[in-house]
Novice: 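Got a structure here, written out as structure tokens. Questions coming.
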Amino acid sequence: LSSSITTRRKALAQAIAAQETDTRNTLESELGSLLFLRGIRRLEDDQLGGMEEDLREVIALEPDNASAYNALGYTLLVETDRLEEALALIERAHALSPDDAAILDSLGWGRYLTDDLDNALAPLEAAWAQQQDAEIGAHLIEVLWALGREDEARGLAVELSERFEEASELEALFQHIPELRPVVDAP
């Protein structure tokens with residue numbers, strides 16, 4: 001992967017020097033995709049600094065890449081204390097792609113983590129309406145709980161427990177808020 005990135009960088013420099021716009025655009029897109037992939041792999045290998053470097057380069061190459069803004073923003077949101085910076089990146093992603101479920105989830109979760117509870121629920125509900133996965137559901141449950149809508153939070157927790165029995169996101173939620181753990185009646 002790194003050698004492919006190096007090759008694309010060299011070719012891109014040549015295309016820029018030769019003022020080959022079509023080639024430049026193609027190479028920027030290819031390089032952006034490779035850097036995004038490497039950035040995600042770096043995160044999986046606990047190399048947050050390398051991941052951030054790669055995604056910032058993607059954003060420099062492709063300033064309209066909503067996925068790169070969101071991936072970097074969400075990672076900073078959950079892995080660092082740089083919450084305001086993270087939320088600004090997520091808000092940029094949202095401006096570029098306002099209906100993307102992953103971005104809506106990040107936006108709602110970022111607002112929740114930055115104590116903007118009043119504005120956290122709507123994007124999470126919109127994300128959940130589009131994509132019912134364990135992570136979005138866990139975020140929605142926690143915000144509902146924080147808003148005092150405990151019955152809704154418990155109902156959704158039961159639903160998610162049935163649908164996603166082994167989801168780590170739910171287990172983390174239940175450890176954080178033990179009152180949400182569904183009780184299964186023995187026969």
Novice: Could you give all pairs that pass the salt bridge (charged side-chain N to carboxylate O under 4.0 Å, His left out) test and reach residues 133-144, with sequence neighbours left out?
Specialist: none
Novice: Take R38 and E57, measure what salt bridge (charged side-chain N to carboxylate O under 4.0 Å, His left out) needs, and give me the verdict at the end.
Specialist: CA-CA 11 Å; R38 186 175 72 178; E57 189 172 348; 5.4 Å; no
Novice: Does some side-chain heavy atom of E150 sit less than 4.5 Å from a side-chain heavy atom of I177?
Specialist: no
Novice: Which atoms form the tightest heavy-atom contact between A66 and L96, and what is the distance?
Specialist: CB-CB, 3.8 Å
Novice: How would you list, by chain and number, every residue that makes a side chain to side chain contact (heavy atoms under 4.5 Å, CB included) with N70, sequence neighbours excluded?
Specialist: I90, A93, A102, I103, S106
Novice: Any side-chain heavy atom of L87 sitting closer than 4.5 Å to one from L107?
Specialist: yes
Novice: Is atom CG of D151 surrounded by more than 12 heavy atoms (other residues, nucleotides or ligands) closer than 6.0 Å?
Specialist: no
Novice: Quick one: CZ on R181 to CG on L173, what's the gap to the nearest 0.5 Å?
Specialist: 9.0 Å
Novice: Minimum heavy-atom separation for F174 to A157, with atom names?
Specialist: CE2-CB, 4.0 Å
Novice: Enumerate the residue pairs fulfilling side-chain hydrogen bond (donor to acceptor under 3.5 Å, both in side chains) with a member in residues 16-26, sequence neighbours excluded, ordered by first and then second residue.
Specialist: R24-E28
Novice: Report yes if some heavy atom in the side chain of V143 is under 4.5 Å from a heavy atom in the side chain of L117; otherwise report no.
Specialist: yes
Novice: Less than 4.0 angstrom from a charged side-chain N to a carboxylate O is my criterion; do R82 and E52 meet it?
Specialist: yes
Novice: When you compare the side chain of E169 with that of L160, does any pair of heavy atoms fall below 4.5 Å?
Specialist: no
Novice: Could you give the distance from CZ (R8) to OG (S3), rounded to the nearest 0.5 Å?
Specialist: 9.0 Å
Novice: Indicate the ring-plane relationship of H139 and Y74, choosing parallel, tilted or perpendicular according to the 30° and 60° boundaries.
Specialist: tilted
Novice: What's the spacing between R42 CZ and D54 CG if we round to 0.5 Å?
Specialist: 4.0 Å
Novice: To the closest 0.5 Å, what do you measure between CG (D45) and CE (M51)?
Specialist: 12.0 Å
Novice: Roughly how far apart are D105 CG and W128 CH2, rounded to 0.5 Å?
Specialist: 10.5 Å
Novice: On a heavy-atom basis, which atom in A126 and which in L104 lie closest, and how many Å separate them?
Specialist: CB-CD1, 3.9 Å
Novice: With rounding to the nearest 0.5 Å, note down the distance linking CD1 in I59 to CG in N65.
Specialist: 7.5 Å
Novice: Please give me the minimum heavy-atom distance between L170 and S161, naming the atom from each residue.
Specialist: CD1-N, 4.0 Å
Novice: When you measure from the side chain of Y69 to the backbone of P63, do you find a donor-acceptor pair of N or O atoms at a distance under 3.5 Å?
Specialist: yes
Novice: Tell me, do V158 and R154 make a side-chain contact under 4.5 Å, heavy atoms counted?
Specialist: no
